[in-house]
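Everything numeric here is computed off the predicted structure, so don't read it as measured data.
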Amino acid sequence: MSQPQLDKIYDPKQVEERWSRRWIELRLFHASVSDRRPSYCIVIPPPNVTGSLHVGHALNNTLQDILIRRRRMQGYNTLWMPGMDHAGIATQNVVERQLQAEGTSREVLGREEFLNRVQQWKEHSGGVIIAQLKRLGASCDWERQRFTMDPGLSEAVKLVFVRLYEDGLLYRGERLINWCPRCLTALSDIEVEHEDSTGKLYTIRYPLADDPSQYLLVATTRPETMLGDTAVAVHPEDDRYRHLIGSRVQVLLTRRTVPIVADPILVDREFGTGAVKVTPAHDFNDFEAGERHGLPRIKIMDIHANLQLTDALAEPEVIEAVNGLPAAKARPKIEQLLAERGFLEKAEPHKMALGKCYRCKTVVEPFLSDQWFVNIKPLAQPAVHAVEDGRVRILPESWKNNYLGWMRDIKDWCVSRQIWWGHQIPAWYCEGCYGSDFLRRASDGQPLVPSDAVPIVAQTKPAACSTCSSNRLVQDPDVLDTWFSSALWPFSTLGWPQQTPELKVFYPTSTLVTGLDILFFWVARMIMMGLKFMGDVPFRDVYIHALVRDAEGQKMSKSKGNVIDPLQVMDQYGTDALRFTLAAMASPGRDVKLAEERIEGYRNFANKIWNAARFILMHLDGKREARPAHDRSVADRWILSRLNATIRAVNQEVDQYRFDRAAGILYHFIWHEYCDWYLELAKLPLQDPSTADAARARQTLLETFEHLMRLLHPFMPFVTEEIWQTLPHEGNSIVIQSYPAEQPEWHSEDAEDAYSLLQRAVSLMRTGRSLLDYAPGKSIGLHVMGAQEQDRSRLDSLAPAIGHLARGPVSVTPTITTPSADSGLLSLAAEGITVGVAVEGDVDLVKALDRIKKQKDEAGKEMNRLSAKLANAGFVEKAPQEVIDEHRARLQLLTRDHGILDRSEQQLQDILRSRTA
RNA sequence: AGGCGGAUAGCUCAGUUGGGAGAGCGCUGCCCUUACAAGGCAGAAGUCGCAGGUUCGAUCCCUGUUCCGCCUACCA
């Protein structure tokens with residue numbers, strides 16, 4: 001035995017720093033396009049360059065790394081494509097806040113200078129993120145980093161835009177869109193978060209134009225928008241109002257009258273009064289109704305969502321009261337005016353959903369505006385089919401319906417944003433045709449380009465206007481939705497639109513690993529774009545993992561004090577511990593609430609492994625054993641059989657993305673089978689290192705452990721690499737060693753049976769020793785009763801091992817005597833064998849009896865179990881008589897030992913009776 | 001409003017052809033046994049949200065219900 005070559009406690013810090021650097025130096029993560037092996041590719045969900053990574057990223061990237069590392073070890077040509085997202089609005093907001101703190105603004109800087117600032121921030125933030133990913137052990141091909149605004153990817157964006165336009169799948173038009181009055185930009189439907197809030201439902205009297213003494217009751221939650229009313233709608237079959245259809249009502253506080261129209265789609269007769277005001281410029285439903293009835297659209301708000309009324313729109317008194325106010329502040333004023341004039345019938349509390357900007361939480365306003373839209377239905381159709389027919393698998397499958405439901409009901413996608421950070425829209429307008437005025441309006445956020453302007457859509461700036469030949473062409477100042485470029489990620493990162501070898505080798509990619517929160521934002525759009533531009537799905541499997549709620553999100557909140565910073569965790573417990581925790585908690589269908597105690601537990605696990613390695617190295621002492629293929633001991637055959645089962649199970653679980661189960665299996669096997677049992681057993685032959693038995697034990701210890709390091713490596717890359725390097729090995733890194741595969745010849749039912757018997761016997765003896773406070777080292781007898789002859793002889797041959805593990809000399813004695821506490825024998829039963837533990841010396845019998853009583857309860861449960869099994873056998877396939885007899889015999893044996901016959905015998909009779917009935 | 005998910009030990013969570021209720025942490029007792037005290041052995045602890053139903057038998061399947069969470073949504 002030699003001095004330990006490793007420290008007593010595993011110190012992750014320096015190990016992790018060293019290996020994350022070394023792996024990259026060795027270029028182990030680099031994928032080659034000339035590699036002929038089957039390929040396996042994952043594109044990273046590109047983190048936003050808005051700051052640093054949170055625990056959700058750690059989870060996401062750990063899972064990807066597990067998949068990638070295993071495939072790499074299995075011999076695939078693996079590519080994990082790393083990169084980042086420019087995250088338009090989010091990043092712009094971050095930098096704008098910085099500017100605000102400096103007392104300046106983007107308007108002051110101007111567009112060009114501002115973009116420089118954002119670029120600087122991107123360099124900084126991007127660097128932080130890459131460092132964090134490396135720290136996490138992410139085995140990305142770092143030589144291939146991509147950014148959504150790289151020149152190549154920007155080319156892809158422009159080309160896609162032009163092609164979609166040419167194919168009639170992209171158009172510009174004045175529509176009602178979601179407008180964030182703080183970000184001053186349009187948002188797509190899914191960029192609006194809905195939040196419940198309590199408002200009021202107002203019932204307002206609208207006087208009839210023909211007879212102002214009569215009025216129509218109209219219900220609304222937003223009375224301030226009545227200043228933009230252009231109709232009141234009722235249901236065509238509503239007898240209350242049928243006679244009014246076609247006549248007009250006075251719009252209060254204005255000088256207008258509007259028609260009463262019949263609209264069965266807009267109006268629900270049951271709700272409110274059955275009459276609805278129609279404000280096409282400020283409500284999505286009203287907009288559509290307005291289109292159906294050819295109603296004018298009256299805009300009453302500016303871009304800040306403040307009321308902006310002209311004399312033509314409202315009475316002077318009203319204008320004075322509300323002009324320039326945001327809607328929420330104007331509402332009570334309007335309410336007051338209506339009440340004063342006796343037109344407010346009632347106002348009652350009412351629950352409604354409030355739309356908020358997903359980036360800044362400001363209440364969004366439906367806003368009439370010129371924007372670019374993707375005509376999405378023709379793209380969605382094939383993307384629905386691809387999931388329906390399984391070309392793309394969404395896992396867990398429960399999310400599939402979520403996806404399909406959303407896709408089938410999808411609405412056109414507003415892709416233009418009135419911000420500066422992003423891909424500027426490749427469309428030009430001719431100043432010769434439209435004057436040079438319209439762009440200047442852009443700075444105050446007003447609609448940027450005339451609605452009727454005809455854009456020239458092209459990848460590069462055209463030389464001249466085709467209509468007037470002017471060369472004064474200006475580019476559309478808007479940029480694209482950040483998700484537009486993300487949608488191209490699986491092929492733009494591989495070099496599209498160039499026909500690169502990367503595309504050929506790695507597209508379609510294999511698996512996408514992502515959180516549910518971006519299923520619609522990102523996954524759905526990648527599938528649509530992949531099918532459209534590559535003619536094939538972007539990935540085969542989509543694995544959707546649970547969410548870890550971060551400080552900004554809902555679940556983890558700073559006020560609750562449960563926010564966990566991955567960097568801090570990695571510092572404190574080590575990266576492997578964090579990774580293993582995340583993998584173990586990645587059960588489908590449940591959000592991950594990260595418990596720090598759990599991380600600590602897996603830190604201890606890493607240390608356990610470390611110390612097992614120390615033990616092996618200590619005994620190895622430079623010795624190399626020839627492989628004893630033919631004379632494995634029973635213990636060796638047992639642990640190899642268990643190892644084989646573990647290898648099979650881990651592979652199966654990872655194949656099904658059950659990282660949690662795979663982690664659990666590894667943990668249990670390494671700690672509670674390999675360390676607790678096999679390693680302890682091996683100490684027996686190792687007592688004399690010179691023997692053949694010792695050599696044999698060393699060999700199997702090492703062989704099993706080396707397999708385990710490889711099996712565990714994708715989960716805990718650092719500690720396994722560090723240990724593997726100290727074991728006898730060939731090659732320069734565990735990263736590219738083969739991943740363990742099932743070895744059927746290791747399977748041994750016989751050895752497993754024998755050792756399960758051994759484990760039970762040892763446990764019982766330990767229990768007896770503990771219950772009686774019977775000191776270790778004292779001789780202990782094992783009396784075997786009621787066991788099969790085979791079991792007895794097995795126990796006999798295993799006696800030295802049992803004695804070793806039970807801590808005391810042991811004698812195995814077949815006995816037919818009935819043991820009892822009185823005779824100084826403690827009898828314990830479980831799983832069909834009964835052992836009596838003979839103790840020497842004085843025993844506190846009162847204490848012993850008290851404890852034995854508890855054991856009887858266990859025996860009672862055992863009988864219930866047997867009864868259940870018997871009943872099952874009887875009902876399933878008609879239990880043979882000998883099975884019944886065997887169970888009866890066991891019952892009687894247990895009963896005789898513990899004197900609780902009546903209940904169980906009665907049960908048995910009941911079962912037999914019901915079986916024959 | 002609709003859809004989905006969750007409710008299991010003090011805490012965080014596993015648990016599918018329906019039959020034995022589990023892990024980690026915490027807790028109790030014993031042990032510094034030369035890999036590991038971040039350890040070993042033994043143990044206590046749960047009417048599996050509630051109420052019905054199907055079944056010989058339900059944490060599991062069905063119906064209803066309560067609470068929590070998420071997604072989608074135009075109910076003025």
Worksheet entry | Under 3.5 Å donor-acceptor pair, A:E680 side-chain atoms to B:A35 base atoms | yes

Worksheet item: Do the non-hydrogen side-chain atoms of A:C414 and A:R175 ever get within less than 4.5 Å of each other?
Response: no

Worksheet item: Hey, is A:E224 close enough to A:R331 for a salt bridge, meaning N to O under 4.0 Å?
Response: yes

Fill in: A:K277, nearest nucleotide to its side chain (from B:A76, B:A35, B:C71)
B:A76

Worksheet item: Is the phosphate of B:G39, meaning OP1 or OP2, less than 4.0 Å from a side-chain N or O of A:N604?
Response: yes

Item to complete: Please round to the nearest 0.5 Å and tell me the distance separating atom CD1 of A:I544 and atom CG of A:N402.
Response: 8.0 Å

Discussion item. At less than 4.0 Å, is any side-chain N or O atom of A:K8 found next to OP1 or OP2 of B:G39? Yes or no.
Written reply: no

Discussion item. When you measure from the side-chain N and O atoms of A:K411 to the phosphate of B:A73, is any distance below 4.0 Å, counting only OP1 and OP2?
Written reply: no

Discussion item. Within the 4.0 Å heavy-atom criterion, would you say A:G199 contacts the bases, only the backbone, or no part of the nucleic acid?
Written reply: nothing

Worksheet item: Between atom CG of A:L679 and atom CD of A:E673, what is the distance when rounded to the nearest 0.5 Å?
Response: 13.0 Å

Worksheet item: Which nucleotide in the set B:C4, B:U72, B:A76 lies at the smallest distance from any side-chain heavy atom of A:W399?
Response: B:C4

Practice prompt. On RNA chain B, check which nucleotide each of A:D268 and A:I190 is closest to and give me the residue with the more 5' one.
Written response: A:I190

Discussion item. Between A:R240 and A:D238 (salt bridge meaning N to carboxylate O under 4.0 Å), is one present in this structure?
Written reply: yes

Fill in: Residue whose closest nucleotide on RNA chain B lies nearer the 5' end, A:V276 versus A:V192
A:V192

Discussion item. Between A:M716 and A:L666, is there a side-chain heavy-atom distance shorter than 4.5 Å?
Written reply: no

Could you write out each protein N or O paired with an N or O of nucleotides 15-17 of chain B at a distance under 3.5 Å?
from, atom 1, to, atom 2, distance (Å)
B:G15, OP1, A:R658, NH2, 2.8

Practice prompt. Determine which pairs satisfy side-chain hydrogen bond (donor to acceptor under 3.5 Å, both in side chains) with at least one residue from residues 514-524 of chain A, sequence neighbours left out, and list them in order.
Written response: none

Practice prompt. Would you indicate, yes or no, if B:G24 has its OP1 or OP2 atom less than 4.0 angstrom from a side-chain nitrogen or oxygen of A:H672?
Written response: yes

Worksheet item: Out of B:A76, B:C75, B:A35, which has the shortest distance to the side chain of A:A353?
Response: B:C75

Worksheet entry | Pairwise P distance, B:C67 and B:A76 [rounded to whole Å] | 23 Å

Worksheet item: Does A:N178 have any side-chain hydrogen bond (donor to acceptor under 3.5 Å, both in side chains) partners at least two apart in sequence or in another chain, and if so, which?
Response: A:D189

Worksheet item: Taking OP1 and OP2 of B:U34, is either one under 4.0 Å from a side-chain nitrogen or oxygen of A:H619?
Response: no

Worksheet item: Between A:T225 and A:K277, is any pair of side-chain heavy atoms under 4.5 Å apart?
Response: yes

Discussion item. Could you check whether atom CD of A:E348 has more than 12 heavy atoms from other residues, nucleotides or ligands sitting under 6.0 Å from it?
Written reply: yes

Discussion item. Taking the minimum atom-to-atom distance to the side chain of A:R603, which one of B:A76, B:A35, B:A38 wins?
Written reply: B:A38

Practice prompt. Rounded to whole angstrom, note down the C1' distance from B:U54 over to B:C70.
Written response: 32 Å

Worksheet item: If you measure from the Lys or Arg side-chain nitrogens to the Asp or Glu carboxylate oxygens, is any gap between A:K13 and A:D571 under 4.0 Å?
Response: yes

Worksheet, complete the sentence: Numerically ordered, the residues 217-232 of chain A set in heavy-atom contact under 4.0 Å with RNA chain B is A:A219, A:T220, A:T221

Fill in: Neighbours of RNA chain B within residues 663-671 of chain A, by heavy-atom distance under 4.0 Å
A:Y667, A:W671

Fill in: Touch class at under 4.0 angstrom, heavy-atom based, for A:L679 against every strand present
base

Worksheet entry | Straight-line distance of A:R598 CZ to A:R603 CZ, nearest 0.5 Å | 15.5 Å

Worksheet item: C1' atom, B:G29 versus B:U47: distance in rounded Å?
Response: 29 Å

Worksheet item: Is a side-chain donor-acceptor pair under 3.5 Å present for A:Y358 with A:E191?
Response: yes

Fill in: Atom C1', compared across B:C48 and B:U28: separation rounded to whole Å
25 Å

Practice prompt. For A:L516, answer base if it contacts any base atom (sugar-phosphate contacts may also be present), sugar-phosphate if it contacts only those atoms, and nothing otherwise; contact means non-hydrogen atoms under 4.0 Å.
Written response: nothing

Discussion item. Please report the interatomic distance CE(A:M226) to OG1(A:T220), rounded to the nearest 0.5 Å.
Written reply: 8.5 Å

Discussion item. At 4.0 Å (heavy atoms only), tell me whether A:F271 reaches a base, stays on the sugar-phosphate, or touches nothing.
Written reply: base

Discussion item. Using ring centroids (six-membered ring only for Trp), state whether A:Y602 and A:Y573 fall under 6.0 Å.
Written reply: no

Worksheet, complete the sentence: Base-paired stretches in RNA chain B with three or more consecutive Watson-Crick or G-U pairs, both distances under 3.5 Å, amount to B:1-7 with B:66-72, B:10-13 with B:22-25, B:27-31 with B:39-43, B:49-53 with B:61-65

Item to complete: Check every strand shown and say whether A:F520 touches a base, only sugar-phosphate, or nothing at a heavy-atom separation below 4.0 Å.
Response: sugar-phosphate

Fill in: Whole-Å C1' distance, B:C27 and B:C36
23 Å

Practice prompt. May I ask you to test the A:V276-A:F271 pair for a side-chain heavy-atom distance under 4.5 Å?
Written response: no

